[in-house]
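Quick notes on the structure that follows.
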Number of protein chains: 2
Amino acid sequence: MSKRTRNLEKTRAHIMEAAFIQIYRNGFQGVSVADIVEKTNVTKGAFFHHFPTKQALGYAIADETLREMVLDRWIRPLAAYRNPVRGILKQLRKIIEATTEETLVFGCPLNNLIQEMSAVDPIFGEKLRSVMGMWVDEVEKHLRKGQSGGYLMQTVNPRQLAEFVVMVHEGVFGMAKSLKDKKVMWSLYDSLKEHLSYVSGKSGDRKKSG
Amino acid sequence: MSKRTRNLEKTRAHIMEAAFIQIYRNGFQGVSVADIVEKTNVTKGAFFHHFPTKQALGYAIADETLREMVLDRWIRPLAAYRNPVRGILKQLRKIIEATTEETLVFGCPLNNLIQEMSAVDPIFGEKLRSVMGMWVDEVEKHLRKGQSGGYLMQTVNPRQLAEFVVMVHEGVFGMAKSLKDKKVMWSLYDSLKEHLSYVSGKSGDRKKSG
DNA sequence: TTTTTAACATATCAAATGGTATGTTGTCAA
DNA sequence: TTGACAACATACCATTTGATATGTTAAAAA
């Protein structure tokens, strides 16, 4: 019964949560403030109490929601693997397995927003670029560590491979969304797996690709 | 002086041309009919004489403009190459070389529209999917032909490789747009080159990758 | 030359849009 | 207990939106 009826942070979080889903499904420009408010139990007045403009909401989603999603889904899980190649593949595999019809159709929230908004609104673009940059940087770090451990051939350029890996991640969701076909995700997964097998250090412990 | 002041086809083409540029830069949902008409020498009345709705214009751009662009930029040039790996790389290289600051920032028109609209409007999605499907199909055909000619290892699956190649093409532009950096295009190009070198048949005539 | 048609232009509209001005009331410090 | 403020709600607004109704006039057919 200690439930307060007014709570700045929680209300803000609720608005952002509802907004994220709506934007994910309809695009930033395809969602109105009225749409967002409708999915919340607050009013338009509350919305503009928390966010000065609709843009500001978008920026907050980029800075907070999307950044946290990338950290949670792609970056933090990598730390559990000593072999970066194994880690990257395992993680991608998990995400593909968890891909529902909804995710298939709506694609990657980060990629959607980048393609839609980064050229339209330079500040939006900068914030999204920051998230992408972090993603690539972290994959690169992880690859460097693995290279020191002998899991990657010394000849490979970790930065280049990191860019490639992140590109494939986005590409997997982009193609699946384009073709509306989950099978293509596995097809691309297999291609990435082959690619990584060529740059893997210790030949080791993986079964042959079927 | 034989210039007619009224010409159905030309006016339609002008509207679509102006609309394509505006949509390319601002997204479909970010462009109003007034915006489009402003960049043309016709009025809003003319617009709706040629297109029943704004949607219909979008569909026409997908069906005609985008399909023709993919054919012209990616598919038809491949026919000039017997070795599909060489053809794919040469073509991608040309496009990257021709990439201006504008193209870098605005990305791939097809990919932009897919990520923005395919989930929002299913009919739009279907039309864009048709273009993507054609692209993959044609690359696959080209790879099959090359495989018969011994330019591709017999073990490679042409469909899988075609999907991968198209995904990388879109991915190159997507990443470059994300990071606002042309160098990443070359980085990804090099990765694709390495990938293709592993599946190339005749070891032949390519200099080593640096 | 006249008629007819369709390729446009002009004027207008209802709905939706992002945003504001102005209330109302929970909540906490004093 | 009370006063003050911030967390909301309500009502409203100018502008933009996609679209229509209704003109006007090139231009092909008769």
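Letters A, B, ... mirror the listed sequences (proteins, then strands); counts begin at 1. Side chains included, hydrogens not; waters and symmetry mates left out as well; all remaining heavy atoms used.
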Mind calculating the distance between [atom1] ([X]) and [atom2] ([N]) to the nearest angstrom?
X: B:His49; N: C:dT10; atom1: NE2; atom2: P; result: 16 Å
X: A:Ile36; N: C:dA16; atom1: CD1; atom2: P; result: 17 Å
X: B:Leu8; N: D:dA26; atom1: CG; atom2: C1'; result: 14 Å
X: B:Asn7; N: D:dA27; atom1: CG; atom2: P; result: 9 Å
X: B:Ile15; N: C:dC8; atom1: CD1; atom2: P; result: 8 Å
X: B:Phe51; N: C:dC8; atom1: CZ; atom2: P; result: 12 Å
X: B:His50; N: C:dA7; atom1: NE2; atom2: C1'; result: 7 Å

Given protein heavy atoms under 4.0 Å, the one-letter contact record of nucleotides 9-20 of chain D, with B base, S sugar-phosphate only and - none, is simply BB------SBBB
Looking at A:Thr103 and A:Thr99, would you say the former's side chain and the latter's main chain have a donor-acceptor pair under 3.5 Å? no
Residues 60-93 of chain A vs ring-ring contact (aromatic ring centres under 6.0 Å, His included), sequence neighbours excluded, gives A:Trp74-A:Trp135, A:Trp74-A:His169
With sequence neighbours left out, the residues meeting salt bridge (Lys or Arg N to Asp or Glu O under 4.0 Å) with A:Glu38 are none
Using a cut-off of under 3.5 Å, enumerate the N/O to N/O pairs linking the protein to nucleotides 22-26 of chain C.
| from | atom 1 | to | atom 2 | distance (Å) |
| --- | --- | --- | --- | --- |
| C:dT25 | O2 | A:Arg6 | NH1 | 2.7 |
| C:dT25 | O2 | A:Arg6 | NH2 | 3.0 |
| C:dG26 | O3' | A:Thr5 | OG1 | 3.2 |

Which salt bridge (charged side-chain N to carboxylate O under 4.0 Å, His left out) pairs, counting each pair once, include a residue from residues 113-136 of chain B, with sequence neighbours left out? B:Asp63-B:Lys127
Sequence neighbours excluded, every pair satisfying side-chain hydrogen bond (donor to acceptor under 3.5 Å, both in side chains) that has a member inside residues 46-58 of chain A: A:Gln55-A:Tyr59
Do [X] and [Y] meet the criterion of a side-chain donor-acceptor pair at a distance under 3.5 Å?
X: B:Ser187; Y: B:Asp190; answer: no
X: B:Ser200; Y: B:Ser197; answer: no
X: A:Asn112; Y: A:Lys177; answer: yes

